[in-house]
Asks: 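My questions all concern the structure below.
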There are 2 protein chains.
Amino acid sequence: MSQTFQRLAVAPAYQQVSETIEREILAGRIKPGDKLPTETALAVQMGVNRSTVREGIRLLEQSGLVRREGGKRLTASLPHYGELASRMSRAMVLHEVSFLELWEAAMALEPATARLAAPRIGPDLLAQLADNLARTEETLRKGRSVVELDIEFHALIAKAADNKALLLAREPTSLLFYPAVGVLLRKLPQAGKRLLDAHRQILAGLERAHAETAESWMRKHIVDFKRGYAMAGIAMDRPVEQIAHDLSPRRRTPAA
Amino acid sequence: MSQTFQRLAVAPAYQQVSETIEREILAGRIKPGDKLPTETALAVQMGVNRSTVREGIRLLEQSGLVRREGGKRLTASLPHYGELASRMSRAMVLHEVSFLELWEAAMALEPATARLAAPRIGPDLLAQLADNLARTEETLRKGRSVVELDIEFHALIAKAADNKALLLAREPTSLLFYPAVGVLLRKLPQAGKRLLDAHRQILAGLERAHAETAESWMRKHIVDFKRGYAMAGIAMDRPVEQIAHDLSPRRRTPAA
DNA sequence: GGGGCGTCAATTGTCCGACAATCGGATAAT
DNA sequence: ATTATCCGATTGTCGGACAATTGACGCCCC
């Protein structure tokens with residue numbers, strides 16, 4: 001009854017096409033920005049039909065290694081963080097991630113991000129944060145949703161931390177977490193003031209390049225959300241579902 | 001000189017096909033595991049050619065929402081974490097992430113993961129960790145590379161933390177970080193013993209469900225890597241490059 | 001009756017050829 | 001110099017075709 005034989009892997013041609021081109025890019029023989037050969041040329045070189053090449057190209061296109069600008073020639077490209085992150089967050093939704101899980105992840109990521117950002121942030125991002133803060137205040141006064149602004153605030157800090165690994169690690173969680181926080185803000189109006197307050201303190205810490213302040217206020221900020229959920233009596237262990245459903249209406253890349 | 005007009009987005013048909021099917025899945029009208037209609041049926045329903053449908057399917061296939069088991073009928077599916085993570089780490093390599101960035105991310109993620117794992121880990125994973133430890137010891141004695149085992153050790157802990165958001169956040173970093181640590185282990189043989197020691201302490205903490213111990217030893221463990229890099233005089237701010245090049249030789253899914 | 005085997009239609013993977021629309025660029029006209 | 005016109009190259013989509021493989025059904029034998 002031994003399971004001695006595995007399925008022998010015969011990859012369809014279109015997959016091999018994709019892998020072949022991918023290897024060329026990964027190995028650096030085709031650099032981001034370079035134009036790839038035309039479909040017909042690829043088909044001839046690889047000895048397959050153009051239709052097959054096209055299917056292979058679709059795979060690369062979705063993985064972000066290749067991109068069609070406008071409607072013309074194919075160019076190699078670096079996968080965009082935004083697309084990766086939004087794909088990941090969609091995956092998380094499908095896997096029914098709960099608010100608690102998001103919160104725990106945010107607890108690990110956001111304070112650390114703030115701490116790193118403090119000594120590295122420059123005047124430009126500080127100004128953007130200040131502007132974000134002002135708009136948040138304004139929006140809050142009008143009683144409108146500050147979810148996008150909240151996401152932006154934290155994303156700006158992540159940018160300031162200047163760490164691509166961390167940026168990519170936190171983005172998917174953030175895309176789901178803050179919308180989930182939005183639910184809270186609607187239920188618990190006073191949470192808005194607390195959010196604004198925390199943002200102010202965090203910014204203050206960053207302005208003084210004071211890592212401790214930035215980190216600890218960020219921690220309080222995140223802790224607050226969980227407290228808010230408890231206070232509002234929202235179930236934390238249930239899937240966040242499609243709260244963030246209408247985000248990322250991504251189509252073909254608009255010209256640069 | 002105002003940039004008033006954006007490129008108006010005309011999505012090609014194959015992309016619309018992909019988006020249409022994706023919406024059906026995201027909305028839950030097609031559930032993971034369900035079989036999708038045949039290519040011809042889809043083509044007829046959407047009023048496009050089968051080739052076009054196929055190209056659309058490739059997009060979905062790459063995003064993991066759809067999967068072809070063996071060689072037959074198309075089924076909806078949840079994106080696999082492993083594939084997502086390895087795609088992300090490839091992206092990070094292309095973006096030339098440095099060891100320092102990975103280390104900072106690991107510093108944020110791993111101790112928090114260990115802390116969460118401590119009260120949640122079950123006997124099964126504890127046994128697997130113990131086994132991993134034994135194999136690590138053995139492998140180290142033989143002077144062979146423990147990179148895979150190291151990755152596995154930390155992945156097991158992440159599994160024990162039972163947090164999908166965190167699992168997904170740390171995996172891509174981990175896939176690059178530990179191979180980068182492998183470089184260190186080859187240069188600095190005594191680091192192997194320190195690694196083993198740390199793993200032992202972490203496991204001990206987990207066994208006693210002592211979050212503090214697990215977390216603080218994990219922190220020491222990660223800090224050690226940076227110290228090792230400094231000691232070995234390896235540049236930390238340079239891209240990790242294709243250290244993890246031969247990982248993830250993923251082809252089409254072997255039959256279940 | 002149940003398990004194994006052949007048959008057969010359905011489906012996929014690949015190929016071929018075709019054509020309108022669009023693009024890049026060169027050339028001519030204003 | 002800018003605009004208009006033309007031409008070849010390339011992409012997006014289509015139609016049809018066919019071998020290989022699969023799934024399902026029915027048949028046969030024990």
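Quick note on labels: first sequence line is chain A, next is B, and so on, each numbered from 1.
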Asks: For nucleotides 16-18 of chain D, give me every protein contact, N/O to N/O, under 3.5 Å, one pair per line with atom names.
Replies:
unit_1 : atom_1 : unit_2 : atom_2 : d
D/dA17 : N6     : B/R50  : NH2    : 3.3

Asks: With B/F99, which residues qualify under ring pair (Phe, Tyr, Trp, His ring centres under 6.0 Å), at least two apart?
Replies: B/F177, B/Y229
Asks: Return the angle between end axes of the helix from C/dG1-D/dC30 to C/dT30-D/dA1, with five pairs used per end and rounding to 10°.
Replies: 20°
Asks: Rounded to the nearest Å, what distance is computed from the CZ atom of residue A/R58 to the P atom of nucleotide C/dG13?
Replies: 17 Å
Asks: With sequence neighbours left out, what residues match A/K164 under salt bridge (Lys or Arg N to Asp or Glu O under 4.0 Å)?
Replies: B/E101
Asks: Kindly write out the residues that satisfy salt bridge (Lys or Arg N to Asp or Glu O under 4.0 Å) with A/R29, not counting sequence neighbours, or none if the list is empty.
Replies: A/E24
Asks: Could you give the CZ-to-C1' distance, from B/R73 to C/dT12, as a whole number of Å?
Replies: 11 Å
Asks: Among all residues two or more places apart in sequence or in another chain, which pass the salt bridge (Lys or Arg N to Asp or Glu O under 4.0 Å) test with A/E22?
Replies: B/R90
Asks: Just the rounded figure in Å: distance from P of C/dT12 to CZ of B/R67.
Replies: 17 Å
Asks: Whole-Å distance between D/dT13 C1' and B/Y14 OH?
Replies: 12 Å
Asks: Ring pair (Phe, Tyr, Trp, His ring centres under 6.0 Å) with A/Y178: which residues, sequence neighbours excluded?
Replies: A/H154
Asks: For B/E96, enumerate each residue passing the side-chain contact (heavy atoms from CB on, under 4.5 Å) test, keeping only those at least two apart in sequence or located in another chain.
Replies: B/P239
Asks: Grab the CZ-P distance between A/R54 and D/dT11 for me, whole Å please.
Replies: 8 Å
Asks: Roughly, in whole Å, what's the span from CD in B/E61 to P in C/dT12?
Replies: 12 Å
Asks: Please state how far atom CZ in A/R68 lies from atom P in C/dT22, giving the value in whole angstrom units.
Replies: 15 Å
Asks: Return the residues of residues 33-48 of chain A meeting this criterion: a heavy atom under 4.0 Å from some atom of DNA chain D. Order them by number, or give none.
Replies: A/T38, A/E39
Asks: Can you tell me how far the OG atom of B/S98 sits from the CG atom of B/L176, to the nearest 0.5 Å?
Replies: 11.0 Å
Asks: Could you pull out all residues at least two apart from A/D131 that satisfy side-chain contact (heavy atoms from CB on, under 4.5 Å)?
Replies: A/R135
Asks: Please identify each residue that fulfils salt bridge (Lys or Arg N to Asp or Glu O under 4.0 Å) with B/E104, with sequence neighbours left out.
Replies: A/R120
Asks: Less than 4.0 angstrom from a charged side-chain N to a carboxylate O is my criterion; do B/E138 and B/R144 meet it?
Replies: no
Asks: List in chain and number order the residues that pass side-chain contact (heavy atoms from CB on, under 4.5 Å) with B/K31, two or more places apart in sequence or in another chain; answer none if no residue qualifies.
Replies: B/D34
